[in-house]
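Everything numeric here is computed off the predicted structure, so don't read it as measured data.
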Amino acid sequence: GQLVVAHAHLDAAIQIAENLGQPYELARTLLICAALREAEHDAEAGAHHRERARALLIGLGVRPGTQVLRTMSGQPLLA
């Protein structure tokens with residue numbers, strides 16, 4: 001259903017960010033993927049995406065704990 005479509009779009013966004021060499025956008029997309037996986041109770045996949053995003057953000061000089069994304073409800077998703 002819709003989760004399959006969401007995953008396909010996120011996978012495409014990851015590929016585009018990688019191809020364009022956009023590490024910040026890649027990290028943001030990975031954080032969204034992590035949140036989706038965690039919402040699906042797939043903690044292992046969520047942790048993988050979150051750790052990859054964290055490594056990218058640290059490489060860009062973003063301090064751990066910096067707010068990178070906000071959810072629709074205004075709650076932050078942290079790296």
Side-chain angles (χ1 to χ4, degrees):
Q2 292 204 1
L3 286 175
V4 172
V5 173
H7 285 292
H9 285 291
L10 288 168
D11 290 344
I14 288 170
Q15 188 65 46
I16 290 167
E18 288 174 336
N19 289 345
L20 294 175
Q22 297 294 313
Y24 185 74
E25 290 305 319
L26 176 57
R28 287 171 42 102
T29 304
L30 288 167
L31 288 173
I32 294 168
C33 288
L36 179 59
R37 292 294 186 176
E38 290 161 358
E40 295 176 305
H41 306 289
D42 187 350
E44 186 175 331
H48 169 76
H49 290 306
R50 192 169 298 281
E51 180 55 34
R52 187 171 171 210
R54 188 181 77 75
L56 285 166
L57 292 168
I58 289 171
L60 291 170
V62 177
R63 293 187 331 221
T66 300
Q67 183 177 307
V68 177
L69 294 173
R70 281 196 175 274
T71 63
M72 295 292 285
S73 66
Q75 298 299 314
L77 291 174
L78 302 176

Using a 3.5 Å cut-off and no angle test, enumerate the donor-acceptor pairs between side-chain atoms of residues 34-43 and protein atoms at least two apart in sequence or in another chain.
| residue | atom | partner | partner atom | Å |
| --- | --- | --- | --- | --- |
| Glu38 | OE1 | Arg50 | NH2 | 2.9 |
| Glu38 | OE2 | Arg50 | NE | 3.2 |
| Glu40 | OE1 | His7 | NE2 | 3.0 |
| Glu40 | OE2 | His7 | NE2 | 3.2 |
| Asp42 | OD1 | Ala45 | N | 3.2 |

Donor-acceptor pairs are to be reported for all side-chain atoms of residues 13-21 against protein atoms at under 3.5 Å, with residues two or more places apart or in another chain.
| residue | atom | partner | partner atom | Å |
| --- | --- | --- | --- | --- |
| Gln15 | NE2 | Asn19 | OD1 | 3.0 |
| Glu18 | OE2 | Arg52 | NH2 | 2.3 |
| Asn19 | ND2 | Gln15 | O | 3.4 |

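- Both Leu31 and Leu60 are members of a single hydrophobic cluster when ILVMFWY side chains are connected at heavy-atom separations under 4.5 Å.
- Applying the side chain to side chain donor-acceptor pair (under 3.5 Å) test to Gln22 and every residue at least two apart in sequence or in another chain returns nothing.
- Nearest heavy atom pair, residue Ala27 against residue Ala53, reads O-CB, 3.5 Å.
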